Amino acid sequence: MPSDDTPTTSLATDLRRLGLLRTADDLNDRIAEATRKRWSPTVLLEHLVADELEDRQRRSVERRLTRARLGRFKPLADWDWVWPTALDRSVLERILTLEFLARGENVILVGAQGLGKTMLAKNIALQAILAGHSALFTTAADLLLDLNGQESARALERRFRHYTRPALLVID
């Protein structure tokens with residue numbers, strides 16, 4: 001039982017302290033909706049939990065997108081499938097299922113400059129992020145400069161862990 005000298009906090013503050021950010025922000029609106037629609041306490045809780053899970057999923061995707069460092073790129077929906085003619089659409093669609101991640105396989109995109117390899121690689125990374133995986137995009141030059149710039153074996157080991165931590169490492 002709390003003592004009398006314990007400072008009183010609002011429910012929204014306590015919800016934020018528990019990490020229930022969406023619930024804290026929307027609590028009054030949801031309670032008003034529950035009252036208006038005559039929801040049972042269980043139905044209200046189900047809606048609050050569903051909202052919180054949806055918000056956590058959204059924030060998780062946003063965090064993974066930020067950490068992936070994909071930058072700007074053209075979405076696959078804007079891809080011109082008639083150019084280049086050598087691209088096998090069925091192979092790309094099979095890659096986008098991300099089965100290679102579960103099997104621990106590599107995907108190597110080979111082609112002349114300007115054909116869209118980077119755009120395709122970034123779209124594959126985006127699909128991985130949307131599927132709940134972590135990803136990291138870097139150029140080969142940046143990767144080599146970063147690894148070469150480490151002063152000690154321990155620092156180099158930490159950088160290797162940095163590059164091997166994500167489920168998908170995209171090197172351009």
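All values derive from a computational prediction rather than experimental measurement. Hydrogens, waters and symmetry mates are skipped; everything else that's a heavy atom, side chains included, is used.
Nearest approach of Ser90 to Asp88, heavy atoms of both residues: OG-OD1, 2.8 Å.
When each of Leu92, Ile124, Leu126 is tested with Leu76 by the rule side-chain contact (heavy atoms from CB on, under 4.5 Å), just one qualifies, namely Leu92.
The CG atom of Asp51 sits 12.0 Å away from atom CD of Glu46, with the distance rounded to the nearest 0.5 Å. Taking CG from Leu169 and CG from Leu143, the interatomic distance works out to 7.0 Å, rounded to the nearest 0.5 Å. For the atom pair Arg94 CZ and Leu96 CG, the distance stands at 11.0 Å (nearest 0.5 Å). Between Asn123 atom CG and Lys74 atom NZ the span is 10.0 Å, to the nearest 0.5 Å. Atoms CH2 and CG, from Trp39 and Leu44 in turn, are 7.0 Å apart once rounded to the nearest 0.5 Å. The CE atom of Met119 lies 8.5 Å from the CG atom of Asp78; values are rounded to the nearest 0.5 Å.
Val170 has its side chain out of reach of Thr118: every pair of non-hydrogen atoms, C-beta onward, lies at least 4.5 Å apart. When side chains are defined from C-beta on, Leu15 counts as touching Leu27, because their heavy atoms get closer than 4.5 Å. Leu70 places a side-chain heavy atom less than 4.5 Å from the side chain of Leu65. Inter-residue side-chain proximity for Val110 and Ile108 is flagged as met; some heavy-atom pair is nearer than 4.5 Å.
Between the side chain of His162 and the backbone N or O of Arg158 there is no donor-acceptor pair closer than 3.5 Å.
Grouping the Ile, Leu, Val, Met, Phe, Trp and Tyr side chains by contacts below 4.5 angstrom, directly or via other members, places Leu101 with Phe137. Follow the hydrophobic side-chain contacts under 4.5 Å out from Val107 and you reach Leu98 in the same cluster. In the hydrophobic cluster analysis, where Ile, Leu, Val, Met, Phe, Trp and Tyr join through side-chain heavy atoms closer than 4.5 angstrom, Val91 is grouped together with Leu109. A continuous path of ILVMFWY side-chain contacts below 4.5 Å connects Ile171 to Leu147, so both sit in one hydrophobic cluster. Under the 4.5 Å side-chain heavy-atom criterion for grouping Ile, Leu, Val, Met, Phe, Trp and Tyr, Leu168 is not connected to Leu136 through any hydrophobic cluster.
Within a 6.0 Å sphere centred on CZ of Arg159, heavy atoms belonging to other residues, nucleotides or ligands number more than 12. Around atom CZ of Arg154, no more than 12 heavy atoms belonging to other residues, nucleotides or ligands sit under 6.0 Å away. Counting non-hydrogen atoms of other residues, nucleotides and ligands closer than 6.0 Å to CZ of Arg72 gives a total of 12 or fewer.
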Fill in: Chi angles and distances behind the salt bridge (Lys or Arg N to Asp or Glu O under 4.0 Å) call for Arg89, Glu93
CA-CA 6 Å; Arg89 186 174 187 164; Glu93 288 172 349; 3.1 Å; yes
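Remark: the Arg64 side chain and the Ser60 side chain contain an N/O donor-acceptor pair separated by less than 3.5 Å.
Ion pairing between Asp26 and Arg22 holds under the 4.0 Å rule for side-chain N and carboxylate O. Glu33 and Arg30 are joined by a salt bridge, as a carboxylate oxygen and a charged side-chain nitrogen come within less than 4.0 angstrom of each other. Salt bridge annotation for Arg16-Asp25: present, with a cationic side-chain nitrogen under 4.0 angstrom from a carboxylate oxygen.
Applying the side-chain hydrogen bond (donor to acceptor under 3.5 Å, both in side chains) rule to pairs touching residues 130-145 yields Thr139-Asp142, sequence neighbours excluded.
Arg36 pairs by the side-chain hydrogen bond (donor to acceptor under 3.5 Å, both in side chains) definition with nothing, not counting sequence neighbours.
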